[in-house]
Amino acid sequence: QVQLVESGGGLVQAGGSLRLSCAASGSIFSVNAMGWYRQAPGKQREWVATITSGHSTNYADSVKGRFTISRDNAKNMVYLQMNSLKPEDTAVYYCNILRGGRPYGSWGQGTQVTVSS
């Protein structure tokens, strides 16, 4: 059982930065891959980034070079540093624990990121 709480979203102008945080509990955090997803209005939820238990990372092409996923196992936290934000990054951002590369936990509240032109 996994509980996930996202935070750090907000309103930012294009070109700005935000750092999202995800607090995870209810599982052995350090052995799990974690991922960030986002869902924009009228669109399906899409995968953004993954970090494995060994701290390897992967990114969607749309965010590669701009976003950085990281984790702090001692704190049961995963982060998403978002730089050079674009209006098309506007979405509710969610984190989740991954099993076999798929989101496994219940979806949390998400955190709203709005990037203005």
Side-chain angles (χ1 to χ4, degrees):
Q1 187 169 268
V2 178
Q3 292 79 47
L4 302 160
V5 179
E6 301 93 343
S7 62
L11 175 64
V12 64
Q13 289 193 329
S17 297
L18 285 172
R19 178 178 165 92
L20 307 185
S21 298
C22 171
S25 63
S27 66
I28 304 174
F29 179 83
S30 63
V31 305
N32 295 307
M34 297 291 294
W36 282 98
Y37 295 76
R38 66 187 183 186
Q39 187 167 28
K43 299 179 67 177
Q44 68 180 19
R45 202 190 322 266
E46 66 174 342
W47 168 76
V48 174
T50 295
I51 185 164
T52 70
S53 60
H55 293 77
S56 297
T57 59
N58 271 91
Y59 301 92
D61 288 343
S62 59
V63 307
K64 193 172 298 181
R66 300 187 298 119
F67 291 10
T68 303
I69 187 172
S70 61
R71 67 193 296 162
D72 185 336
N73 291 339
K75 297 180 179 179
N76 283 5
M77 297 285 288
V78 62
Y79 306 97
L80 188 68
Q81 178 66 47
M82 307 185 297
N83 299 326
S84 302
L85 282 162
K86 305 173 180 179
E88 48 263 50
D89 295 318
T90 295
V92 178
Y93 283 71
Y94 303 88
C95 64
N96 215 323
I97 194 166
L98 304 183
R99 297 282 195 272
R102 302 175 184 271
Y104 187 79
S106 298
W107 295 106
Q109 65 190 20
T111 186
Q112 176 72 51
V113 172
T114 303
V115 184
S116 62
S117 301

With sequence neighbours excluded, tell me which residues meet ring-ring contact (aromatic ring centres under 6.0 Å, His included) with Y93. none
Between V115 and W36, is there shared hydrophobic-cluster membership here, with clusters defined by ILVMFWY side-chain heavy atoms closer than 4.5 Å? yes
Side chain of N96, backbone of G105: donor and acceptor closer than 3.5 Å? yes
Using the side-chain hydrogen bond (donor to acceptor under 3.5 Å, both in side chains) criterion, which residues pair with K86? Sequence neighbours excluded. none
Nearest non-hydrogen partners of S17 and N83, listed with the distance: OG-OD1, 2.9 Å
Do you reckon I97 sits in the same ILVMFWY cluster as L20, going by side-chain contacts under 4.5 Å, direct or chained? yes
Nearest heavy atoms of E6 and Y94, plus distance in Å: OE2-CA, 3.3 Å
Taking every heavy atom of S70 against every heavy atom of V78, the minimum-distance pair comes out as O-CG2, 3.0 Å
Quick check: does any side chain N or O of Y59 sit under 3.5 Å from a backbone N or O of I69, one acting as donor and the other as acceptor? yes
Once rounded to the nearest 0.5 Å, what's the spacing between atom CG of N76 and atom CZ of R71? 9.0 Å
Heavy-atom count around Q44 CD within 6.0 Å, excluding the residue itself: above 12? no
Note: M34 and C22 closest approach over all heavy atoms is CE-SG, 4.3 Å
Out of curiosity, Q39 CD to E46 CD, how far, rounded to the nearest 0.5 Å? 9.5 Å
In terms of hydrophobic clusters joined by side-chain contacts under 4.5 Å, are V12 and V48 together? yes
Keeping the roles fixed (side chain from R38, backbone from T90), state whether a donor-acceptor pair exists under 3.5 Å. no
Measure from the ring center of W107 to the ring center of Y37 and say whether it is less than 6.0 Å. yes
About how many Å separate OG1 of T68 and CE of M82, when rounded to the nearest 0.5 Å? 11.0 Å
Separation between CG (N32) and OG (S53), nearest 0.5 Å, reads 8.0 Å
Identified side chain to side chain contact (heavy atoms under 4.5 Å, CB included) counterpart of L4 within the set P103, S25, C95: C95
Count the heavy atoms of every other residue, nucleotide or ligand shown that sit under 6.0 Å from CD of Q112, and state whether that count exceeds 12. yes
Considering all heavy atoms, the nearest V113-G9 contact: CG2-CA, 4.1 Å
In Å and rounded to the nearest 0.5 Å, what is the CZ to CG distance from F67 to L85? 5.0 Å
